[in-house]
There are 2 protein chains.
Amino acid sequence: MKISDLAKRCGLSAHTLRYYERIGLLPYADRDRSGQRDYDASILSWIEFLGRLKTTGMPIRDMLLYAKLADSGKATFSERRQMLEEHRERVRAHVADLEACLRVLDGKIASYAEAEERTRDEKRNIADTPARART
Amino acid sequence: MKISDLAKRCGLSAHTLRYYERIGLLPYADRDRSGQRDYDASILSWIEFLGRLKTTGMPIRDMLLYAKLADSGKATFSERRQMLEEHRERVRAHVADLEACLRVLDGKIASYAEAEERTRDEKRNIADTPARART
DNA sequence: TCTTGACTTAGAGTGCGCTCGAAGCCGTAG
DNA sequence: CTACGGCTTCGAGCGCACTCTAAGTCAAGA
């Protein structure tokens, strides 16, 4: 598989795939006789997992550490598990934060909706008075 | 309230507060006779709300638009409500993504735990064979 | 009076994660 | 044979959100 095919399949640009290889996030890809990268489809699951780590906000330097551990075989299973467990806790905490934020947004939206209701009720359209403070 | 007091209360640095004012995310603060910012405590709720927007991944340029609308009074209620509703949907989608990622992480962690179990069971410690691919 | 420390401004620098450009090579279609 | 598109490398550039520096002002305490 050529880099552009892989790019289409995984949703990253060829530029980004080369960048990831350069920094070590992707293993060095085999080259064909003319020097072009020839990927094995198995790389897709690794890229997909990296995507999960990225979505959950893991910085690249941590992914690099994880990749390094993954290259060291069984000996690093527990270290990797620990990394993922710590990361999972951070993600859970972040999700909780987001849910709290969603409740705030809900409240804000509701208060705007209410205010719009009241504004509509006041049929007499007095000149719009600018707000005194940001809400 | 001086800038350092506000910084302590809101968890942003004085540098960041000045930066936010510079770009328009915070309203221009009153200065005392010697030119120092003198904040009203009411700014805290606005900063807190900005924090919610930030936590939920809203880019500063969108916060600026929201702030601009908020400065225009009642007339922009529905626009602001719409912005927040759209943002809320993005956040909800992101939370769903994160939850899917969490399930993947759970699976990965479980598989490491299992593998560690199996490794412990093999009392005969054969030399560690490096992994062939990243998992 | 002197020192200390917090404040002011404008602007430069940082870290992250890409993203792009330039220059050149290679293989296939016309 | 030539043109074309897609690949290669290296390194520069970008957008975001800060973060810090330098040079200077000011007010309160010893």
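Values reported hereafter were calculated over all heavy atoms of this structure, with side chains retained and with hydrogens, waters and symmetry mates removed.
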Problem set entry | B:L12 backbone acceptor or donor facing B:T16 side chain under 3.5 Å | no
For this session: Provide, to the nearest angstrom, the distance between the CG atom belonging to A:L17 and the P atom belonging to C:dC18.
Result: 11 Å
Exercise. For A:I3 and C:dC26, what is the distance between atoms CD1 and C1' respectively, to the nearest whole Å?
Worked result: 16 Å
Seminar exercise, completed: Separation of C:dA6 atom P from B:K8 atom NZ, nearest Å, is 8 Å
Exercise. For the pair made of CG in A:L6 and C1' in D:dG6, what is the distance, rounded to whole Å?
Worked result: 15 Å
Exercise. Once you round it to whole Å, what is the distance between P of D:dG13 and NE2 of A:H15?
Worked result: 16 Å
For this session: Identify whether any heavy atom of A:R18 sits under 4.0 Å from a base atom; if not, whether one sits that close to sugar-phosphate; answer base, sugar-phosphate or nothing.
Result: base
Exercise. Between D:dG11, C:dT8, D:dC7, which one does the side chain of A:K2 approach most closely?
Worked result: D:dC7
Problem set entry | Gap between atoms OH and P, on A:Y28 and D:dT9 respectively (whole Å) | 6 Å
Problem set entry | Closest-nucleotide ordering on DNA chain C, the 5'-leading residue of A:S34 and A:S13 | A:S13
Exercise. For the side chain of A:Y19, counting heavy atoms from C-beta on, which of C:dC18, C:dC20, D:dT8 is nearest?
Worked result: C:dC18
Exercise. Starting at the 5' end of DNA chain D, which residue's closest nucleotide do you reach first, B:M63 or A:D5?
Worked result: A:D5
Exercise. Hey, does B:R33 reach any base, or is it just sugar-phosphate, or nothing, if we go heavy atoms under 4.0 Å?
Worked result: nothing
Exercise. Hey, what's the ring geometry for B:H94 with A:H94, parallel, tilted or perpendicular (30° and 60° as the breaks)?
Worked result: perpendicular
For this session: Please check if the side chain of B:T76 supplies one atom and the backbone of B:S72 the other of a donor-acceptor pair under 3.5 Å.
Result: no
Exercise. Has the side chain of B:W46 got a donor or acceptor atom that lies under 3.5 Å from a matching backbone atom of B:P27?
Worked result: no
